[in-house]
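Below: the structure, in structure tokens.
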Amino acid sequence: MKKIFVMASSGGNLYHLGGSSPDQLMRELNTQVKEAGFIIEGAQFIATDASMDALKKNTKARLLEWNQEKEQLTLVLEDSLEAVNEKAKEIDQKVAQSIYEGNIDGVIAMSADPKGANKFAAKSTAEKKIPLVGTGGTSMAAFGSLGAHIISQSGTTGTSNKTRAIGFVTSLSKHWDVKYRPVLNEKQNKNDLSSRSKKMNFRSIMTSSLPAFISLAIILALSKIPGLEKVEDIFDLLIAALPVVIAVIAARQIADLDEISIVAGVVAGVMATDSGILGGLLAGIYAGYLVPALFSLCTKWRFPTTTVNIVAGGLGGLLPGLAVYFILGPIALKAGNLIRNTIESMIDFNPIAAGTLAGLLIWPAILAGIYHAAILPIVILEMEKTGNSFLGSVDMVGLVMVAAGINLANIIFPKKRGESAAAAPSFLINIGFGTFVESAYPFMFASKLVFIGALLSSGIGGMIVGLYDLRGTAYVPSFIAPFLSNHTPRFIIAMIASLLASFIFTASANKLETTQSNKKLARFFKMR
């Protein structure tokens, strides 16, 4: 097992790119080192509260060492920078001796000080020709002047804790001919095709982008207020930005390379703005796969880390963006329009039937896990053009209000002791935040009558949505939802109708089942 020593400081430019958080920096480095089968034998880290480009000798600093057992940095001394540097020199001599004795196989340097705090260790590293990787222009130049065996070096511009760590370990692994696959996400074991496929989750991408669409609905509502007509310009601006939001989220979730994947997502998304959110989705997905591939390729070719980031983030976003702009964009735009037109055709054919059917099916859909995978993306597609949605109305009326009605019935007419206390916070969350419909599950699963009542109540709400051709959204406070719809008074009617229906169904079911239970108990005691 190769043993590695880390010489580091908060640095100048490094301070703004991860050096200000030594624990996070070392944790990311340790993750990659372990993945390659190496071990961090020790570390000497001088941490300051500001960039070292503008520090004085009396500036407060901390000297940190690596605790191999706990796999974390531990505090050695906290004092002025001058005092910390003096203490570091004492430890530096011990490190140098360890290197001379052959206990260290490789060195990672990040804004180290080969002429000061790391003077002896740097000298022994150069004399023993131990492979050295690192960042920091001035620092690495000083190592070079000592004749150190530098196998990879770069500045810190454009890097992050993750990309630097991957670059270091890739170079050392290649030098020692050790097989290594970077860990891009600690929850995923390997940076292979299968693990990245698992991270391409349409449900997660759509759910994560929902706040942007809620913002769109809010802007639409504000534009209807007299005197705020100019807000419509912001509405158009937000619509144009939606593909960018989707692309960034998709690229970030799949690539998981911090700022690089975000930059690539932005570049790809901007070029997909004329292709709608489906175009943005495609651009983001392709960027998410291309960025790690380019990053890995450039690292193997031993490009400087800054250049690796520029290539991966720049080309990783540019190439998918161009593909969508010239080839896939028109197809994606037509697909989105087809989905919206199909929904509109169904509503135009028989709006009451369409609304009722949507209301009856939305509970089975969410229980079967279909809602987030199919219905939510359609809601978002609808909102992309108008700022609100037919299915979004059914969501608020058929799910949120029905769940609130079930909770309210169990507050006022509970079937068992304790149910009232459990239902109260759930009711407040549904009313106050327009979410947490899952709170109704225990009551629905415990009673077939309540379950049937929920379906019928949702159907009633959906019928009214279809009757009035309502458009709206969920995931907002219920008292705000009507103002984000296309017709506030009628939306209120639909919400109240489904809430009262589910309340009546649930209260009646509770009363009936409680009466039947009491009769059974009475017969039991008579038999006794």
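What you see is a predicted model, and the numbers here were worked out from it, not measured in a lab.
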So, does Ser393 use its side chain to make a donor-acceptor pair with the main chain of Ser389 at under 3.5 Å?
yes
Nearest-0.5 Å distance, NZ of residue Lys385 to CD1 of residue Ile277:
10.0 Å
Has Phe427 got more than 12 heavy atoms of other residues, nucleotides or ligands less than 6.0 Å from its CZ?
yes
Ignoring hydrogens, what is the shortest heavy-atom contact between Phe443 and Glu419? Give both atom names and the distance.
CE2-CD, 4.1 Å
Looking only at side-chain N and O atoms, does Thr163 offer a donor or acceptor that is under 3.5 Å from a partner on Ser160?
yes
In terms of heavy-atom contacts, does CZ of Phe433 have more than 12 from other residues, nucleotides or ligands at under 6.0 Å?
no
Do Gln253 and Ser208 make a side-chain contact, defined as non-hydrogen atoms from C-beta onward lying under 4.5 Å apart?
yes
Shortest non-hydrogen pair, Val397 vs Gly462, comes out as CG1-N, 4.4 Å
Nearest heavy-atom contact between Arg252 and Ser261 is CD-OG, 3.6 Å
Distance, nearest 0.5 Å, that separates CD1 of Ile260 from CG of Asn309:
3.5 Å
side-chain contact (heavy atoms from CB on, under 4.5 Å) between Leu73 and Asn67, intermediate numbers included:
CA-CA 6 Å; Leu73 291 171; Asn67 185 313; over 6 Å; no
How many angstroms lie between atom CD1 of Ile166 and atom CG of Leu29, to the nearest 0.5 angstrom?
11.0 Å
Between Leu391, Val476, Thr473, Leu470, which is the residue that forms a side chain to side chain contact (heavy atoms under 4.5 Å, CB included) with Met396?
Val476
Ignoring hydrogens and angles, tell me if any N or O in the side chain of Asn30 forms a donor-acceptor pair with the backbone of Met26 under 3.5 Å.
no
Report the distance from atom CD1 of Ile411 to atom CG of Leu428, rounding to the nearest 0.5 Å.
6.5 Å
Check for a donor-acceptor pair, side chain of Thr506 on one end and backbone N or O of Ile406 on the other, with a separation under 3.5 Å.
no
Within the structure provided, determine whether Val379 and Met206 are in side-chain contact (heavy-atom separation under 4.5 Å).
no
Classify the ring geometry between Phe413 and Phe503 as parallel (under 30°), tilted (30 to 60°) or perpendicular (over 60°).
tilted
Tell me the closest heavy-atom pair linking Ile218 and Leu484, and the distance in Å.
CA-CD2, 3.8 Å
Would you indicate whether the side-chain heavy atoms of Glu344 and Phe390 approach each other to under 4.5 Å?
no
Heavy-atom closest contact (Ala283 atom, Pro320 atom, distance):
O-CB, 3.7 Å
Using a 4.5 Å cut-off on heavy atoms from C-beta on, say whether the side chain of Val33 contacts that of Phe168.
no
Within the distance-only criterion (no hydrogens, no angle test), does the side chain of Gln32 pair as donor or acceptor with the backbone N or O of Val183 below 3.5 angstrom?
yes
Can you tell me if Ser223 uses its side chain to pair, donor with acceptor, with the backbone of Glu232 under 3.5 Å?
no
Check whether Ser439 reaches the backbone of Phe436 with its side chain - one donor and one acceptor, N or O, closer than 3.5 Å.
yes
Are the side chains of Asn430 and Asn407 in touch, meaning some heavy atoms are under 4.5 Å apart?
yes
Between Arg164 and Glu28, does any NZ, NE, NH1 or NH2 come within less than 4.0 Å of an OD or OE carboxylate oxygen?
no
Rounded to the nearest 0.5 Å, what's the gap from CG on Asn337 to CG on Leu278? Could you check?
9.5 Å
Output for pair (Leu281 CG, Leu242 CG), nearest 0.5 Å, gives 13.0 Å
Between the main-chain N or O of Gly398 and the side-chain N or O of Trp363, is there a donor-acceptor pair closer than 3.5 Å?
yes
How far apart are the C-alpha atoms of Glu71 and Arg27, what are their side-chain angles, what is the distance that settles it, and do they pass the salt bridge (Lys or Arg N to Asp or Glu O under 4.0 Å) test?
CA-CA 8 Å; Glu71 294 187 345; Arg27 184 163 57 248; over 6 Å; no
Using the side-chain hydrogen bond (donor to acceptor under 3.5 Å, both in side chains) criterion, which residues pair with Ser447? Sequence neighbours excluded.
Glu513
Pair listing, side chain to side chain donor-acceptor pair (under 3.5 Å) test, anchored in residues 478-488, at least two apart
none
From CA spacing to verdict: side-chain contact (heavy atoms from CB on, under 4.5 Å), Tyr441, Leu367:
CA-CA 9 Å; Tyr441 288 176; Leu367 290 170; 3.5 Å; yes
Using a 4.5 Å cut-off on heavy atoms from C-beta on, say whether the side chain of Tyr371 contacts that of Leu399.
yes
Assess, by modelled atom type and distance only, whether the side chains of Ser420 and Asn410 contain a donor and an acceptor separated by less than 3.5 Å.
no
Donor-acceptor pair, Thr356 side chain versus Ala353 backbone, under 3.5 Å?
no
Tell me if a side-chain donor or acceptor on Tyr468 pairs with a main-chain N or O of Ala494 at a distance below 3.5 Å.
no
Ala312 and Val291: which non-hydrogen atoms are nearest, and at how many Å?
O-CG2, 3.5 Å
Side chains of Tyr289 and Ile254 in contact at under 4.5 Å (non-hydrogen atoms)
yes
Val263 and Val266: CA distance, side-chain angles, deciding distance, side-chain contact (heavy atoms from CB on, under 4.5 Å) verdict
CA-CA 5 Å; Val263 170; Val266 171; 5.8 Å; no
Do the non-hydrogen side-chain atoms of Ser209 and Ile249 ever get within less than 4.5 Å of each other?
yes
Has the side chain of Thr307 got a donor or acceptor atom that lies under 3.5 Å from a matching backbone atom of Phe303?
no
With side-chain contact (heavy atoms from CB on, under 4.5 Å) as the criterion, how do Met271 and Leu318 come out once you've worked through the C-alpha distance, each side chain's angles and the decisive distance to 0.1 Å?
CA-CA 8 Å; Met271 300 182 72; Leu318 183 61; 3.9 Å; yes
